[in-house]
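The shown structure was predicted, so the numbers you read here are calculated from the model rather than taken from an experiment.
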Amino acid sequence: MKTYKRVYEEGKNVLEKANVTEAALDARLLLEHICGTNRNDLILHGDRELLPEQIRTYEEYIQKRAGHIPFQHITGLQEFMGLDFQVNEDVLIPRQDTERLVELVLQESKAGSRVLDMCTGSGCILLSILAKGKEMQGIGVDISEKALTVARNNAKRLGINKAEFVLSDMFAQIKDGEKFDVITSNPPYIESGVIPTLMEEVRVYEPLNALDGGADGLEFYRILAQDAEKHLNPGGRIYMEIGYNQGKAVQDLFLDAGYDFVKVYQDYAGLDRVVVCGKTELI
């Protein structure tokens with residue numbers, strides 16, 4: 001029988017040899033996921049023997065991670081805004097940077113607001129807003145039926161019944177005249193030419209249609225600037241995640257489209273991360 005610490009060390013060595021970023025962290029977290037333990041167990045209970053099935057599962061997971069399959073695809077889960085979301089190869093893995101967008105919506109939106117989430121993916125933005133906001137409801141839109149299946153499953157798991165998910169190429173299937181108080185989006189915004197340079201975990205295992213923002217990365221912001229206003233209630237707001245170097249370009253797109261309130265917000269690393277737009281500034 002192998003001990004907890006020995007199994008961890010073997011897993012860490014395999015990941016280091018495979019040049020996995022944060023090999024030690026991933027080796028520990030995978031073991032904790034399988035055993036239902038926490039970081040203290042490695043120090044306090046490292047001599048505990050593991051069951052054969054735990055060792056087999058761990059070795060299987062380590063081999064997958066050594067092949068650069070994303071950690072979250074192996075466990076099937078990613079934490080976002082304190083909630084656990086199911087993820088797979090059909091959706092982007094929710095990232096902490098995106099929490100800044102959700103926080104801004106929750107700070108500024110009124111109880112009972114209707115939310116439209118474009119390019120919803122796993123549903124993490126919409127479902128986090130509905131879970132933590134007051135009496136809010138919304139629609140999540142995606143061009144991928146597989147992504148919508150993940151989002152619907154997440155809504156069911158989280159017990160959120162005020163979310164509807166619609167298959168649509170951006171606004172195409174949103175009814176004329178249907179209005180929302182909040183429109184959110186984390187659209188594809190990586191320049192097409194940059195995608196081949198991304199790390200393998202992203203380039204190979206995350207969906208291309210959720211990454212590729214066209215030649216300059218701004219393709220979907222142009223659609224939002226052109227079409228969002230017709231679905232926005234008076235005083236409503238658009239909240240969009242952006243790449244760290246896209247603040248001015250996206251800001252200019254919406255100013256040119258006639259929005260008189262356009263503000264860029266930084267994430268907690270100090271990088272441009274969210275653009276908020278409206279026709280008048282909130283009082």
Item to check | Over all atoms of both residues, closest heavy-atom pair of Asp272 and Gln266 | outcome: OD1-NE2, 2.7 Å
Checklist entry - Is Leu92 linked to Leu126 within one hydrophobic cluster, defined over Ile, Leu, Val, Met, Phe, Trp and Tyr using a side-chain heavy-atom separation of less than 4.5 Å? => result no
Next on the checklist: Restricting to side-chain hydrogen bond (donor to acceptor under 3.5 Å, both in side chains), what partner residues turn up for Asn153, sequence neighbours left out?
Outcome noted: none
Item to check | Whether over 12 other heavy atoms sit under 6.0 Å from Lys5 NZ | outcome: no
Next on the checklist: List the residues meeting side-chain hydrogen bond (donor to acceptor under 3.5 Å, both in side chains) with Asp252, not counting sequence neighbours, and say none if there are none.
Outcome noted: Lys248
Checklist entry - Are Lys2 and Glu59 within salt-bridge range, i.e. N to O under 4.0 Å? => result yes
Checklist entry - Counting distance only, does the side-chain N/O of Ser185 pair as donor-acceptor with the main-chain N or O of Met118 below 3.5 Å? => result yes
Item to check | Nearest-0.5 Å distance that lies between atom CD1 in Ile62 and atom CD1 in Ile55 | outcome: 13.0 Å
Next on the checklist: Is it the case that over 12 heavy atoms from other parts of the model lie below 6.0 angstrom from the CD atom of Glu145?
Outcome noted: yes
Which atom pairs, one a donor and one an acceptor, fall under 3.5 Å between side chains of residues 27-42 and the rest of the protein, sequence neighbours left out?
from	atom 1	to	atom 2	distance (Å)
Arg28	NH1	Glu32	OE1	3.4
Arg28	NH1	Glu32	OE2	2.7
Glu32	OE2	Arg39	N	3.0
Thr37	OG1	Tyr4	OH	2.6
Asn38	OD1	Asn40	N	2.9
Asp41	OD1	Asn38	N	3.1

Next on the checklist: Please enumerate all residues that pass side-chain contact (heavy atoms from CB on, under 4.5 Å) together with Lys156, with sequence neighbours excluded.
Outcome noted: none
Item to check | Connected via hydrophobic side-chain network under 4.5 Å: Tyr244 and Tyr221 | outcome: no
Checklist entry - Looking at Asp216 and Leu218, what are the two nearest heavy atoms and their distance? => result OD1-N, 3.0 Å
Next on the checklist: Could you walk me through whether Asp90 and Thr149 satisfy the side chain to side chain contact (heavy atoms under 4.5 Å, CB included) test, starting with their C-alpha distance in whole Å, then the side-chain angles of each, then the deciding distance to 0.1 Å, before giving a yes or no?
Outcome noted: CA-CA 9 Å; Asp90 298 318; Thr149 296; over 6 Å; no
List the atom pairs, donor and acceptor, that lie under 3.5 Å between side-chain atoms in residues 11-19 and the rest of the protein, sequence neighbours left out.
from	atom 1	to	atom 2	distance (Å)
Lys12	NZ	Glu9	OE1	3.3
Asn13	ND2	Glu9	O	3.2

Item to check | Pairs touching residues 105-128 that satisfy ring pair (Phe, Tyr, Trp, His ring centres under 6.0 Å), sequence neighbours left out | outcome: none
Next on the checklist: Using the ring-ring contact (aromatic ring centres under 6.0 Å, His included) criterion, which residues pair with Tyr259? Sequence neighbours excluded.
Outcome noted: Phe254
Next on the checklist: Filter on side-chain hydrogen bond (donor to acceptor under 3.5 Å, both in side chains), then keep only pairs touching residues 67-89, sequence neighbours left out; what's left?
Outcome noted: His68-Glu201, Gln72-Gln78
Checklist outcome for this item: The side chain to side chain contact (heavy atoms under 4.5 Å, CB included) partner of Met240 among Val274, Val276, Val250 is Val250
Item to check | Closest non-hydrogen atom pair between Asn209 and Pro188, with its separation | outcome: O-CG, 3.2 Å
Item to check | Residue pair Ala151 / Gly121: nearest heavy atoms and the distance that separates them | outcome: CB-O, 3.5 Å
Item to check | Atom NZ of Lys263: over 12 foreign heavy atoms under 6.0 Å | outcome: no
Checklist entry - Is the shortest side-chain N to carboxylate O distance from Arg100 to Asp267 below 4.0 Å? => result no
Next on the checklist: Would you say Ser192 and Asp212 are linked by a side-chain donor-acceptor pair, where the criterion is simply a distance under 3.5 Å?
Outcome noted: yes
Item to check | Asp176, CG atom: more than 12 neighbouring heavy atoms under 6.0 Å | outcome: no
Checklist entry - What's in the same ILVMFWY side-chain cluster as Val150, cut-off under 4.5 Å, chained through other members? => result Val87, Val91
Next on the checklist: Within the 3.5 Å criterion, strictly below it, is a donor on Glu103 or Tyr268 matched to an acceptor on the partner's side chain?
Outcome noted: yes
Checklist entry - With the 4.5 Å side-chain cut-off for hydrophobic clustering, are Val262 and Ile183 part of the same group? => result yes
Checklist entry - Which pairs, with at least one residue in residues 112-133 and sequence neighbours excluded, count as a side-chain hydrogen bond (donor to acceptor under 3.5 Å, both in side chains)? => result Arg114-Glu178, Asp117-Thr120, Asp117-Thr184
Item to check | side-chain contact (heavy atoms from CB on, under 4.5 Å) against Pro52, all qualifying residues, sequence neighbours excluded | outcome: Met1, Arg56
Item to check | Sequence neighbours excluded, every pair satisfying ring pair (Phe, Tyr, Trp, His ring centres under 6.0 Å) that has a member inside residues 149-199 | outcome: Phe171-His231
Item to check | Approximate separation, where rounding is to 0.5 Å, of Glu241 CD and Leu104 CG | outcome: 11.5 Å
